[in-house]
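To start, the structure itself, in structure tokens.
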Amino acid sequence: MDLSFTPEEQKFREEIRAWVKENLPQEISHKVHNALELTRDDLQSWAKILGKKGWLGYGWPTEFGGPGWTAIQRHLFEEETALAGAPRIIPFGPVMVAPVIMAFGNAEQQKRFLPGIASGEVWWSQGYSEPGSGSDLASVKTKAERKGDKYIVNGQKTWTTLGQYGDWMFNLVRTSNEGKPQTGISFLLLDMKSPGVTVRPIKLLDGGHEVNEVFFDNVEVPAENLIGEENKGWTYAKHLLSHERTNIADVNRAKRELERLKRIARSEGVYDDQRFRDEIAKLEVDIVALEMMVLRVLSAATSGKNSLDVAGLLKIRGSEIQQRYSELMMLAGGPYSLPLIREAMEAGWQGNFPGGNPALAPLTSTFFNMRKTTIYGGSNEVQRNIVAQTVLG
Ligand SMILES: Cc1cc2nc3c(=O)[nH]c(=O)nc-3n(C[C@H](O)[C@H](O)[C@H](O)COP(=O)(O)OP(=O)(O)OC[C@H]3O[C@@H](n4cnc5c(N)ncnc54)[C@H](O)[C@@H]3O)c2cc1C
């Protein structure tokens with residue numbers, strides 16, 4: 001098997017690298033390389049820079065204004081941006097809801113919603129999980145009742161990532177209680193500035209405000225915001241989840257963090273320890289294996305094969321790797337990584353506390369933050385069940 005890139009692909013990589021070098025603000029890449037907290041402005045200004053170039057929707061086909069890149073080109077783009085220290089593209093708009101709007105939305109909805117996603121102007125949030133409906137997502141209770149040309153929405157979503165910035169939210173809502181739970185769900189786009197929407201923060205272990213509870217109290221949503229058919233939302237939801245899970249694998253960030261791990265290990269004097277180097281080597285091998293798997297999924301998706309089962313595998317391996325590098329960084333930092341200094345926690349990922357080593361300070365919060373990866377996007381236990389059912393029948 002020849003795994004090397006063609007001369008054209010290498011040239012493409014060089015072009016991306018040069019453009020990113022020219023356009024990625026240095027203060028943003030500094031924060032990313034050192035795991036410092038990114039503000040909404042940091043995230044959105046990078047999204048808008050990409051949007052202007054037509055690359056925020058880098059996985060989109062040309063008919064919807066995307067670059068129409070191949071799976072390999074998309075991978076090279078992700079790799080070059082990650083290694084250069086670009087923030088992750090917030091996936092809810094361009095990676096998650098956009099493919100659903102393209103596949104199942106009508107022409108009017110595509111015209112209305114896709115440009116704001118492609119330009120990075122409009123911030124989207126994901127309204128799937130509810131208290132009591134996480135793994136058992138089909139049990140969602142948030143109710144949308146049709147009244148004339150509107151839906152009246154009542155209920156609660158939870159764990160809404162960065163929902164405090166959200167302009168729009170895509171939601172799974174219950175429109176029927178007939179039959180199996182899956183058959184009564186609809187996919188509704190909701191303006192978060194509507195009267196009756198309340199967003200409340202959930203404080204995380206790392207001190208950060210990354211997730212929220214969102215409450216709906218008689219929120220009026222125009223019926224034209226329904227995607228596809230009423231009660232068919234489960235099909236659209238699953239389409240979206242395969243994109244989410246492949247995205248969570250985030251192999252290119254793992255490559256960048258591997259370099260950070262090596263930097264920390266060198267600066268703390270453990271890089272020359274044979275046992276510690278073995279651990280780094282094992283991690284590196286796992287990252288390369290994950291990369292090969294990602295490339296296989298991308299090329300399968302290009303040829304139209306359903307890759308949902310493999311997306312679950314990617315999610316499992318990718319999230320385990322993310323936790324592993326955050327653990328090794330803690331080990332490399334030794335006692336400097338450990339203290340739960342209140343000021344550092346309150347400072348989120350900044351860790352500018354008196355007497356601390358600023359290079360190491362974010363490690364505890366990064367470690368805690370990475371605990372989420374085996375839970376969100378569908379917990380790893382549940383992914384294992386799905387993979388087992390798909391493979392073993
Ligand atoms: C940081 C973070 C960000 C998130 N962001 C979003 C977001 O933006 N939007 C959104 O909609 N959701 C979001 N989520 C929610 C996420 O999708 C859910 O947390 C996840 O699906 C698990 O659901 P749950 O938390 O209700 O846990 P539960 O479903 O209650 O599961 C609890 C435990 O039981 C295990 N379990 C459950 N069922 C089974 C089973 N059948 N077999 C074996 N084990 C099982 C699970 O693996 C888990 O360990 C986020 C979660 C986190 C932690």
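FYI, side chains are in, hydrogens and waters are out, and symmetry mates aren't considered; it's all heavy atoms of this structure.
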Q: Flag yes if Leu226 and Met192 sit in one hydrophobic cluster, no otherwise; membership is Ile, Leu, Val, Met, Phe, Trp, Tyr, and two members link when side-chain heavy atoms are under 4.5 Å apart.
A: yes
Q: In sequence, state the C-alpha distance, the side-chain angles, and the governing distance for Glu78 and Arg253, and then conclude on salt bridge (Lys or Arg N to Asp or Glu O under 4.0 Å).
A: CA-CA 9 Å; Glu78 286 171 4; Arg253 178 163 67 158; over 6 Å; no
Q: Would you give the length of the straight line joining atom CD of Glu27 to atom CG of Leu38, rounded to the nearest 0.5 angstrom?
A: 11.0 Å
Q. Going only through I, L, V, M, F, W and Y residues with side-chain contacts under 4.5 Å, is there a path from Ile28 to Leu162?
A. yes
Q) Roughly how far apart are Leu258 CG and Leu283 CG, rounded to 0.5 Å? A) 5.5 Å
Q: Dump the intermediate steps for side chain to side chain contact (heavy atoms under 4.5 Å, CB included) on Ile227 and Leu188, then the final yes or no.
A: CA-CA 6 Å; Ile227 293 289; Leu188 200 59; over 6 Å; no
Q: Give the intermediate values and the outcome of side chain to side chain donor-acceptor pair (under 3.5 Å) for residues Arg88 and Asn252.
A: CA-CA 10 Å; Arg88 280 190 84 202; Asn252 296 307; over 6 Å; no
Q) Take atom CZ in Arg200; do more than 12 heavy atoms of anything else shown fall under 6.0 Å from it? A) no
Q) Is the ring centre of Phe12 less than 6.0 Å from the ring centre of Trp69? A) yes
**Q.** Contact summary for Tyr325 and Ala254, nearest pair of heavy atoms
**A.** CE2-CA, 3.7 Å
Q. Got Ile117 and Ile101 here, is their nearest side-chain heavy-atom distance under 4.5 Å?
A. yes
Q. Just by modelled atom types, is the Gly120 backbone N or O under 3.5 Å from a matching donor or acceptor in the Gln44 side chain?
A. yes
Q) Is the number of heavy atoms from other residues, nucleotides or ligands under 6.0 Å of Lys232 NZ greater than 12? A) no
Q: Quick one: pull up OH in Tyr165 and OG1 in Thr160 and give me the separation to the nearest 0.5 Å.
A: 14.0 Å
Q | Side-chain donor-acceptor pair present, His33, Glu259, cut-off under 3.5 Å | A | no
Q) Could you walk me through whether Glu213 and Lys157 pass the salt bridge (Lys or Arg N to Asp or Glu O under 4.0 Å) check? A) CA-CA 6 Å; Glu213 296 179 290; Lys157 294 292 169 182; over 6 Å; no
Q.
I'd like to check Lys111 versus Leu114 (side-chain heavy atoms, cut-off strictly below 4.5 Å). Are they in contact?
A. no
Q: Verify the cluster assignment for Leu363 and Ile280: are they in a single hydrophobic cluster under the rule of side-chain heavy atoms below 4.5 Å apart?
A: yes
Q. Is a side-chain N or O of Gln164 found less than 3.5 angstrom from the main chain of His209, in a donor-acceptor match?
A. yes
Q. Salt bridge between Glu220 and Lys147, side-chain N to carboxylate O under 4.0 Å?
A. no
Q: Would you please indicate if the ring centroids of Trp124 and Phe113 are separated by under 6.0 Å?
A: yes
Q: Using the rule that two of Ile, Leu, Val, Met, Phe, Trp, Tyr join whenever any of their side-chain heavy atoms come within less than 4.5 Å, decide whether Leu172 and Leu240 are in one cluster.
A: yes
**Q.** 4.5 Å side-chain heavy-atom contact, Arg146 and Thr175
**A.** no
Q | Cluster check Phe64, Phe77: I/L/V/M/F/W/Y, side chain < 4.5 angstrom | A | yes
Q. Would you call Glu130 and Lys141 a salt bridge, taking side-chain N to carboxylate O under 4.0 Å as the test?
A. no
Q) Do Arg324 and Glu327 pass the salt bridge (Lys or Arg N to Asp or Glu O under 4.0 Å) test, and can you show the C-alpha distance, the side-chain angles, and the key distance before you say yes or no? A) CA-CA 5 Å; Arg324 189 75 194 123; Glu327 285 157 14; 3.1 Å; yes
Q.
Keeping Asn23 on the side-chain end and Val20 on the backbone end, is there a donor-acceptor pair under 3.5 Å?
A. no
Q: Would you kindly check if the NZ (Lys) or CZ (Arg) of Arg74 is within the cone defined by 45 degrees around the ring axis of Tyr58 and under 6.0 Å from the six-membered ring centre?
A: no
Q.
For the CD1 atom of Ile16 and the NZ atom of Lys21, what is their distance to the nearest 0.5 Å?
A. 15.5 Å
(Q) Taking the ring centre of each residue, are Tyr128 and Trp159 less than 6.0 Å apart? (A) no
Q. Do Glu230 and Tyr151 have side-chain atoms, one donor and one acceptor, less than 3.5 Å apart?
A. yes
Q) Charged N to carboxylate O under 4.0 angstrom, Lys11 versus Glu15? A) yes
Q. Hey, mind stepping through Asn380 and Ser319 against side chain to side chain donor-acceptor pair (under 3.5 Å) and telling me if it holds?
A. CA-CA 8 Å; Asn380 283 20; Ser319 56; 3.0 Å; yes
Q. Just how far is it from atom CG of Asn231 to atom CD of Glu178, taken to the nearest 0.5 Å?
A. 9.5 Å
Q. How long is the span from the CG atom in Leu24 to the CG atom in Leu50, to the nearest 0.5 Å?
A. 9.0 Å
Q. Does Lys180 NZ have over 12 foreign heavy atoms under 6.0 Å away?
A. no
Q: Determine whether Phe216 and Asn154 make a side-chain contact, defined as any pair of heavy atoms from C-beta on separated by less than 4.5 Å.
A: no
Q: Check each of Arg371, Arg384, Lys315 against Glu320 using the salt bridge (Lys or Arg N to Asp or Glu O under 4.0 Å) test, and report the only one that passes.
A: Arg384
Q) Is the gap between the ring centers of Trp60 and Trp55 under 6.0 Å? A) no
Q. Does atom NZ of Lys262 have more than 12 heavy-atom neighbours, drawn from other residues, nucleotides or ligands, at distances under 6.0 Å?
A. yes
**Q.** Atom NZ of Lys48: over 12 foreign heavy atoms under 6.0 Å
**A.** yes
(Q) Test side chain to side chain contact (heavy atoms under 4.5 Å, CB included) on Val214 and Gln156; report intermediate values, then the result. (A) CA-CA 6 Å; Val214 181; Gln156 183 197 341; over 6 Å; no
